[in-house]
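Notes follow once the structure below has been shown.
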Amino acid sequence: MSIIVGFVPTPAGEAALAAGISEAKLRSQELVIVNSARQGALVDKSVAAEDVLAGAAQQAADAGVTARVIQPPYQHDLADEFLDVARQEDASLIVIGLRHRTQVGKFILGSHAQQILMQADRPVLAVKADGGNFQAG
C-alpha cells in the first residue's frame, strides 16, 4: 500500500506534499507523488519541472520516507485518471490540495478536487495551503 499525493507546483500542492509526507511517515508507507499533464498539451502550468519534482522527492527522503514520482499523462478527465492511479497503486490514502475558488468558478470550470472527493473509493485527505501547518519530519 502507498499514500498518493496529487502534486502541482502551487501553495496548495506544497501543502498536499507536506501532508502526504507526514501521513506516509506515520503509516510507514511509500509516498507516490503524482504530477500529470494533459496528453498532447504543449504548455500546462500544472506540470512541475524536473528539479521541482526531484526536490519534492528529496523532501520525503529527508523526512525518512521512501518516495517516487510518476507523471502519467491524461486524455479526458484528470480526476478519473488520478483515481485510476490510486487504484493501480493500491493507495491507502489520497492527499490533495485545495485552493479557493468562487462558486461561479466551480460551476463553470468544475472542480477536480470535488470530483475526487465524491468519487474516491478510498480515504481522501484534502488540505488547504493556508489552512494547516503541515511539517514533514
Side-chain angles (χ1 to χ4, degrees):
M1 298 200 100
S2 61
I3 307 294
I4 70 164
V5 173
F7 179 76
V8 292
T10 64
E14 292 291 336
L17 177 64
I21 292 170
S22 293
E23 288 294 325
K25 186 171 184 173
L26 178 71
R27 299 166 187 238
S28 299
Q29 293 183 359
E30 177 186 39
L31 181 69
V32 179
I33 302 165
V34 182
N35 179 252
S36 296
R38 181 177 294 278
Q39 194 168 27
L42 297 176
V43 176
D44 189 337
K45 66 182 177 184
S46 65
V47 175
E50 288 273 329
D51 61 326
V52 172
L53 293 172
Q58 187 60 53
Q59 271 184 260
D62 292 346
V65 172
T66 301
R68 63 189 163 91
V69 175
I70 62 172
Q71 291 186 287
Y74 68 96
Q75 289 183 331
H76 303 291
D77 186 84
L78 176 61
D80 286 341
E81 300 277 346
F82 186 77
L83 292 171
D84 286 345
V85 169
R87 284 186 282 280
Q88 292 165 6
E89 294 291 334
D90 193 24
S92 63
L93 179 69
I94 297 169
V95 183
I96 58 174
L98 299 177
R99 63 185 173 102
H100 179 74
R101 294 174 76 179
T102 66
Q103 290 296 333
V104 173
K106 288 178 192 173
F107 178 73
I108 293 172
L109 301 174
S111 168
H112 297 302
Q114 182 177 356
Q115 192 175 349
I116 290 168
L117 286 165
M118 299 302 291
Q119 294 179 0
D121 60 355
R122 55 206 68 229
V124 178
L125 173 60
V127 298
K128 294 190 289 184
D130 57 357
N133 294 325
F134 283 97
Q135 296 294 322

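Every salt bridge (charged side-chain N to carboxylate O under 4.0 Å, His left out) that E30 has, sequence neighbours left out, goes to R68. In this structure, Q119 has no side chain to side chain donor-acceptor pair (under 3.5 Å) partners at least two apart in sequence or on a different chain. In this structure, Q88 has no side chain to side chain donor-acceptor pair (under 3.5 Å) partners at least two apart in sequence or on a different chain. For A60, the side chain to side chain contact (heavy atoms under 4.5 Å, CB included) criterion is met by I21, L31, V65, A67, not counting sequence neighbours. Under the rule for a salt bridge (charged side-chain N to carboxylate O under 4.0 Å, His left out), the partners of D84 that lie at least two apart in sequence or sit in another chain are R87.
Note that CD of Q71 is 5.0 Å distant from CG of N35, once rounded to the nearest 0.5 Å.
Here the shortest heavy-atom pairing between A129 and A12 reads CB-N, 3.6 Å. Residue L78 comes nearest to S36 through the heavy atom pair CD1-CB, 4.0 Å, listed as atom of the first residue, atom of the second, then distance. The shortest non-hydrogen separation linking V85 to P72 is CG2-CG, 3.9 Å. Pairing each heavy atom of G6 with each of A16, the nearest pair is O-CB, 4.0 Å.
For the pair Q59/E14, a side-chain contact is recorded, criterion being any heavy-atom separation below 4.5 Å from C-beta on. A 4.5 Å side-chain heavy-atom check between F82 and Q115 finds every atom pair outside the cut-off. The side-chain heavy atoms of V52 and F7, taken from C-beta on, include a pair separated by under 4.5 Å. Contact annotation: the side chain of V34 never approaches that of V5 to less than 4.5 Å [non-hydrogen atoms, C-beta and beyond].
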Identify each donor-acceptor pair in which a side-chain atom of residues 90-98 lies under 3.5 Å from a protein atom, sequence neighbours left out, and give them as a table.
| from | atom 1 | to | atom 2 | distance (Å) |
| --- | --- | --- | --- | --- |
| S92 | OG | S2 | O | 3.4 |
| S92 | OG | Q29 | OE1 | 2.5 |
| S92 | OG | Q29 | NE2 | 3.4 |

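I116 and I70 fall within the same hydrophobic cluster, defined by Ile, Leu, Val, Met, Phe, Trp and Tyr side-chain heavy atoms under 4.5 Å apart, directly or through other members.
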